[in-house]
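What follows is a set of notes on a single structure, which appears directly below.
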Amino acid sequence: MCVLVYLVTVMHSMQAGYLEKAQKYTDKALMQLEKLKMLDSSPILSSFQVILLEHIIMCRLVTGHKATALQEISQVCQLCQQSPRLFSNHAAQLHTLLGLYCISVNCMDNAEAQFTTALRLTTHQELWTFIVTNLASVYIREGNRHQELYSLLERINPDHNFPVSSHCLRAAAFYIRGLFSFFQGRYNEAKRFLRETLKMSNAEDLNRLTACSLVLLGHIFYVLGNHRESNNMVVPAMQLASKIPDMSVQLWSSALLRDLNKACGNTIDAHEAAQMHQNFSQQLLQDHIEACSLPEHNLTTWTDGSPPVQFQAQNGPTTSLASLL
């Protein structure tokens, strides 16, 4: 029961965007599980361990600890190798996590392959919707997959016949539509979708979605030349992202604050924001290089059968760093 309480706390903290709290209770739960496994070999303990690791891996990716996340994905692989039933129950989640990792290191082809594999393996409707939402974000970033993207967006239309009752996933679907409209230059449409995301995420304390929506709205207002409104969005986005903490949103927000202050002639504030942006860039760059150099990075190409047991060492990172900075 103690582990179960910790697990529910971790899940709730993740959804609300309190990632340090999620990490704290994950550590407590894993320590408790190790003690229990010395006394009992019940398979449910391994299931709890995998579920906890799945959540903490997502935390690591958000907080800018990709190398640690990749090693924990490898740990999940090892646990699944010990139990065919465990692998059967978590294979789709494992490929989904690898897809999220691939996005974080800009390996978009690998991300697409991982999400496609996960879709093939899952029958769970909420996981399916989560995967499709992330696959849509991959197609948006690639910029040349409009036919596939329109097909996916139609299947997760938050305005009509959304496939699940999840409030969080529906809010995320509005965000994805806002992101796509932004990239297409349809700014009024993007603002409508993002305001819907904000309304839903504020109602349920979905802090990460709130931060993402605020910074994207800030970017839209900046492009439109409305610097005051842009600042009103970006400042709270940065505050919220620092609280989570979300490294990517902090990187994005600091870049916008630098450009906003420069445009408004606030030299000191612009310099301070530029320094923040440089610090975030360096942290993310170092973590990116470390993750891509790990032998476990080869997991990104695994899309069939059981997870590989051995990993060959990488010579060095093979992915583009340009979009990271």
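Note that the coordinates shown come from a computational prediction; the quantities given were computed from them, not determined experimentally. When a residue number appears, it is its place in the shown sequence, counting from 1.
Counting non-hydrogen atoms of other residues, nucleotides and ligands closer than 6.0 Å to CD1 of Ile44 gives a total of 12 or fewer. Atom CE of Met58 is surrounded by more than 12 heavy atoms from other residues, nucleotides or ligands within 6.0 Å. In the displayed structure, Glu272 atom CD is contacted under 6.0 Å by at most 12 heavy atoms of other residues, nucleotides or ligands. By the neighbour-count criterion of 12 heavy atoms within 6.0 Å, atom NE2 of His146 is densely surrounded, having more than that number from other residues, nucleotides or ligands. Counted within 6.0 Å of NZ on Lys199, heavy atoms from surrounding residues, nucleotides or ligands total 12 or fewer; the atom is thus considered open.
For the residue pair Cys168 and Leu206, the shortest heavy atom distance occurs at CA-CD1, 3.8 Å. Minimum heavy-atom separation, Asp287 to Gly64: OD2-O, 3.1 Å. Annotation for Leu86 and Ser47: closest pair CD1-OG, 3.5 Å, computed over non-hydrogen atoms. Taking each heavy atom of Pro307 and Phe87 in turn, the nearest pair found is CD-CE1, 3.4 Å. Contact detail for Ala118 and Ile131: the closest heavy-atom pair is CB-CD1, 3.6 Å. Ile220 and Phe182 get closest at one heavy-atom pair: CG1-CD1, 3.5 Å.
Residues Met276 and Arg258 fail the side-chain proximity criterion, which asks for heavy atoms closer than 4.5 Å. Within the 4.5 Å cutoff, the side chain of Tyr101 has no heavy atoms near those of the Glu296 side chain. Contact annotation: the side chain of Val215 never approaches that of Met238 to less than 4.5 Å [non-hydrogen atoms, C-beta and beyond]. The closest side-chain heavy-atom distance from Leu217 to Leu198 is below 4.5 Å. The closest side-chain heavy-atom distance from Lys191 to Leu224 is below 4.5 Å. For the pair Leu216/Tyr175, a side-chain contact is recorded, criterion being any heavy-atom separation below 4.5 Å from C-beta on. For the pair Gln32 and Lys28, the minimum side-chain heavy-atom distance is 4.5 Å or more. Inter-residue side-chain proximity for Asn279 and Gln275 is flagged as met; some heavy-atom pair is nearer than 4.5 Å.
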Show your reasoning for whether side-chain contact (heavy atoms from CB on, under 4.5 Å) applies to Cys59 and Met14. CA-CA 7 Å; Cys59 282; Met14 275 280 302; 2.9 Å; yes

List the steps, then state whether side-chain contact (heavy atoms from CB on, under 4.5 Å) holds for Asp246 with Leu19. CA-CA 9 Å; Asp246 185 321; Leu19 302 192; over 6 Å; no

Using the side-chain contact (heavy atoms from CB on, under 4.5 Å) rule, take Leu284 and His288 through it: C-alpha gap first, then chi angles, then the decisive distance, then the call. CA-CA 6 Å; Leu284 283 167; His288 181 109; over 6 Å; no

Can you list the steps and then say if Asp27 with Gln23 is a side-chain contact (heavy atoms from CB on, under 4.5 Å)? CA-CA 6 Å; Asp27 291 341; Gln23 187 170 326; 4.2 Å; yes

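Counting only distance, with no hydrogens or angles, the side chain of Gln93 and the backbone of Val50 share no donor-acceptor pair below 3.5 Å. Looking only at distances, a side-chain donor or acceptor of Ser254 sits under 3.5 Å from a matching main-chain atom of Leu251.
Between atom CD of residue Glu54 and atom CD of residue Gln49 there is a gap of 11.5 Å, rounded to the nearest 0.5 Å. A distance of 9.0 Å separates CG in Asn261 from OG1 in Thr267, rounded to the nearest 0.5 Å. Atom CD1 of Ile176 and atom OG of Ser181 lie 11.0 Å apart (nearest 0.5 Å). Between the CG atom in Asn232 and the CG atom in Leu214 there is a gap of 10.5 Å [rounded to 0.5 Å]. Rounding to the nearest 0.5 angstrom, the gap separating the CZ atom in Arg85 from the SG atom in Cys80 is 13.0 Å. Between the OH atom of Tyr18 and the NZ atom of Lys24 there is a distance of 14.0 Å, given to the nearest 0.5 Å.
A donor-acceptor contact closer than 3.5 angstrom is absent between the side chains of His124 and Thr122.
Within the structure, the salt bridge (charged side-chain N to carboxylate O under 4.0 Å, His left out) test picks out no pair touching residues 4-14 (sequence neighbours left out). Identified under the side chain to side chain donor-acceptor pair (under 3.5 Å) test for residues 156-170, with sequence neighbours left out: Asp159-Arg192. Every pair passing side chain to side chain donor-acceptor pair (under 3.5 Å) that includes a residue from residues 212-226 is listed here, sequence neighbours excluded: His219-Trp252.
Ion pairing between a basic and an acidic side chain is recognised when a charged N comes within 4.0 Å of a carboxylate O; Glu196 and Arg177 show no such pairing.
For an aromatic pair to be called close, the ring centres must be under 6.0 Å apart, and Tyr150 with Phe180 satisfies this.
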